[in-house]
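Every chain is numbered from 1, with letters handed out A, B, ... down the list of sequences. FYI, side chains are in, hydrogens and waters are out, and symmetry mates aren't considered; it's all heavy atoms of this structure.
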Amino acid sequence: MSESMQGMKRSHSCGVLRKEDCGKIVTLMGWVQRRRDHGGLIFVDLRDRAGLVQVVFNPDCGAETFEKAGSVRNEYVLAVTGEVVPRSDETVNPNLATGEVEVVAKELRILNKAKTPPFYIEDGVEVDEMVRLRYRYLDLRRPEMQKNLMLRHKVAFAMREFMDSHGFLEIETPILCKSSPEGARDYLVPSRVHEGEFFALPQSPQLFKQMLMVSGMEKYFQIARCFRDEDLRADRQPEFTQLDIEMSFVDREDILSLMEKLLVHVFKKTMDIDVPTPFRRLTYAEAMNTYGSDKPDLRFAIPLVDIADIVKDSGFQVFVNVIANGGQVKGICAPGCLKYSRKEIDDLTKFAAIYGAKGLAWMQVTEEGVKSSVTKFFTEEQLQAIVAKMGAKAGDLLLFVADKPAVVADSLGHLRCEIAKREGLIDPKEFNFSWVIEFPLFEYSEEEKRWVAMHHPFTSPMDEDLEYLFTDPGKVRAKAYDVILNGVELGGGSIRIHSREIQSQMFKCLNFTPEDAQDKFGYLLNAFEYGAPPHGGLAFGLDRMIMLMSGRDSIRDVIAFPKTQSAACAMTDAPSDVADEQLKELHIKIELPEKVKK
RNA sequence: GGAACUGUGGUGUAGUGGUCUAACAUGUCGGCCUGUCACGCCGAAGAUCGCGGGUUCGACUCCCGUCAGUUCCGCCA
């Protein structure tokens, strides 16, 4: 039987009690972490959000209370009144923040009983994630999860504080939106009132925030939920949160410097970490050439080195042919990796194959010279030139990929991270920020046989590249920028197009007919005719930021109720069937392909 | 759409063709215990080995399929 808390008032949190509190009569409310029953003496560790404290029951509390204390089990919810007393030297628990005191219980109420939980509530549990997600309310009782959500709150709060103090207004934008082509798949919401029509959940508040600039709000921000119906990853959920920002009358420099200040403020305020500024900047071309990635991890070196000029005349036909066909030959120097066994190199080859590399050539740099299965194809001079150009020394392992530029970048870009991980070259405490700027405006979609916007179709081209918009779209750079933290894309944004003419040209480049453009984005084009100010902005992925700050590998650990990889909720079992009446009202008929019929 | 890994008492694991009538730890339940803090000691209960099919004299074990989870590729303006 559970008891009422009527007449009892919580006076302290369990985790806050210290030596100074000794002598106080306190009333605590929390969960039983563990009970240690010594027969004539019962210890109960009581837990709440603030931490643990040991409560002692001895027979002085009365037979009834003592018996009740013996009946409690893990995760029972208790209210305890008692006196805070110091522990004797030999019974101090140095592992507990409250370890110098304990509470001698006088009164106990069992506010609620609890079934034995499927897993013990403590940090570092190795429990199947499905079990954790099904019982998320228990998983979230664990101190590390509570800490993650507290950090998340603090970060969001610090962001609001900063944005407010810099004159930004937090404005909500609709969740029920117009479905837009381009970009990710939309989550659709049927409209009952508009028969046969659908809303879409926003992939981001992009167009609304631009509208707010036309509205003269000048500085906008929102901690906004975004939805994308795409496949999941450790750092991708179908719904995620971003700090969304837009400002008028600014250029790229204004935005980058303000955003650096924002990040400095957030890291100082929430983690007392001093983030150095200005952040290192790389152009997209530099990032791709040197690190093989548009989100390079700069916590370690290992650059990609082009050796085409050295090997193009060698006897190694694989390299020669790739170069002749417009491909690249690049390598990385894995420091101190001469020790790698044949199997380890095979593993790296398989790793590179994930990203399309058809092979991985390797050379071991020893005191006696270069050793590998391919050295016979090169002259001694060529080998020495390679070693010199790559800055290799005895003990290093050189790894090469020859392929199309995209494959070379992708495979070596990931390989350098893999080597750094294996060799422990990464300081886990480091927060390394950088900007990648001057992204291409377009990329060519082989699938659609047309140019598509790399960022989004509202991104402004760089003024000096405008002339190539129709003659050579691949050459046009955008006023777009990404902020990278430890090799993770933390956020991105751009200066937007604010002229109707250029926006129309942009749609034309993207193969929209004027009618298409008017149908899909007419409201934007119309708005641009009424005095749209120059504007730009950026969005930070809040989930990823908290993930990196808390040192987790998945954003699921910093989201209270995340989805599984199949985009379902293990706790509520959403998504689920709906009643026929609901479908009928919406005029929706379900026709499943044969293989998924239940 | 594709690849890899995983699935065995509540939880985490062991078991790789034959005393497996499924082991160990932890948890759970009962008993004892006044200084523990991963309390200790004694005892007990608890698993159709994810599901379906196949191979075999015999399958937790091998094969095929399927479901679920995780990681990755594609995808994610």
Step by step, would you call F439(A) with Y284(A) a ring-ring contact (aromatic ring centres under 6.0 Å, His included)? CA-CA 5 Å; F439(A) 277 81; Y284(A) 173 85; 5.2 Å; yes
Looking only at side-chain atoms of [X], point me to the closest of [options].
X       : options                : value
N95(A)  : A38(B), G35(B), C76(B) : A38(B)
S566(A) : G69(B), G74(B), C73(B) : G69(B)
Y355(A) : G74(B), C29(B), C72(B) : C72(B)
D231(A) : G35(B), C75(B), U70(B) : C75(B)
S554(A) : U71(B), G10(B), C37(B) : U71(B)
V127(A) : U11(B), C76(B), C75(B) : U11(B)
I354(A) : U70(B), C73(B), G35(B) : C73(B)
T116(A) : U28(B), C75(B), U70(B) : U28(B)

Going by salt bridge (Lys or Arg N to Asp or Glu O under 4.0 Å), E75(A) matches just one of R35(A), R47(A), R34(A), K115(A). Which one? R47(A)
To check you understand the geometry: which heavy-atom pair defines the closest contact between A105(A) and V80(A), and what is its length? CB-CG1, 3.8 Å
Smallest separation among heavy atoms of T459(A) and L441(A), with atom names: O-CD1, 3.5 Å
Separation of atom [atom1] in [X] from atom [atom2] in [N], rounded to whole Å:
X       : N      : atom1 : atom2 : result
D573(A) : A68(B) : CG    : P     : 11 Å
E129(A) : U71(B) : CD    : P     : 7 Å
E230(A) : C73(B) : CD    : C1'   : 14 Å
L133(A) : A68(B) : CG    : P     : 15 Å
R73(A)  : U28(B) : CZ    : P     : 8 Å
R47(A)  : A38(B) : CZ    : C1'   : 16 Å
N93(A)  : A38(B) : CG    : P     : 6 Å
I121(A) : U11(B) : CD1   : P     : 13 Å

Pairwise [atom1] distance, [M] and [N] [rounded to whole Å]:
N      : M      : atom1 : result
G12(B) : U28(B) : C1'   : 15 Å
C60(B) : U21(B) : C1'   : 15 Å
G46(B) : C32(B) : C1'   : 23 Å
A44(B) : G9(B)  : C1'   : 15 Å
G17(B) : C62(B) : P     : 8 Å
G58(B) : G69(B) : P     : 35 Å
U61(B) : G15(B) : C1'   : 9 Å
G35(B) : G40(B) : P     : 14 Å

Using purine N1 to pyrimidine N3 plus N6-O4 or O6-N4 for Watson-Crick, or N1-O2 and O6-N3 for G-U wobble, each under 3.5 Å, what pairs with [N]?
N      : result
A44(B) : U28(B)
C51(B) : G65(B)
C75(B) : none
C57(B) : G18(B)
A23(B) : U13(B)

[X] bridged to [Y] by N-O distance under 4.0 Å:
X       : Y       : result
D557(A) : R552(A) : yes
D482(A) : K295(A) : no
D128(A) : R132(A) : no
K106(A) : D60(A)  : no
K209(A) : D244(A) : yes
R422(A) : E418(A) : yes

Is a donor-acceptor contact shorter than 3.5 angstrom present between the side chain of [X] and the base of [N]?
X       : N      : answer
E447(A) : G74(B) : no
R236(A) : C75(B) : yes
Q54(A)  : U36(B) : yes
N74(A)  : G27(B) : no

By the 4.0 Å heavy-atom rule, please label [X] as base, sugar-phosphate, or nothing.
X       : answer
T91(A)  : base
E446(A) : nothing
R35(A)  : nothing
P59(A)  : base
R34(A)  : sugar-phosphate
D37(A)  : base
Y120(A) : nothing
S204(A) : base

Pi stacking test for H38(A) and C39(B): under 5.5 Å apart, planes under 30°: yes
Are F43(A) and U36(B) stacked, counting the six-membered base ring, centres under 5.5 Å, planes under 30°? yes
At what distance, to the nearest 0.5 angstrom, does CG of L232(A) lie from CZ of R556(A)? 8.5 Å
Cation-pi geometry met for K475(A) and Y468(A) (6.0 Å, 45°): yes
Is there any protein nitrogen or oxygen under 3.5 Å from a nitrogen or oxygen in nucleotides 48-51 of chain B, and what are the pairs?
none

Look at the side-chain N and O atoms of R233(A) and state whether any lies under 4.0 Å from the OP1 or OP2 oxygen of C76(B). no
Short side-chain N/O contact from R36(A) to OP1 or OP2 of C39(B), under 4.0 Å: yes
By nearest heavy atom, map K563(A) and D128(A) onto RNA chain B; which one lands nearer the 5' end? D128(A)
Of D410(A) and G40(A), whose nearest nucleotide on RNA chain B comes first from the 5' end? G40(A)
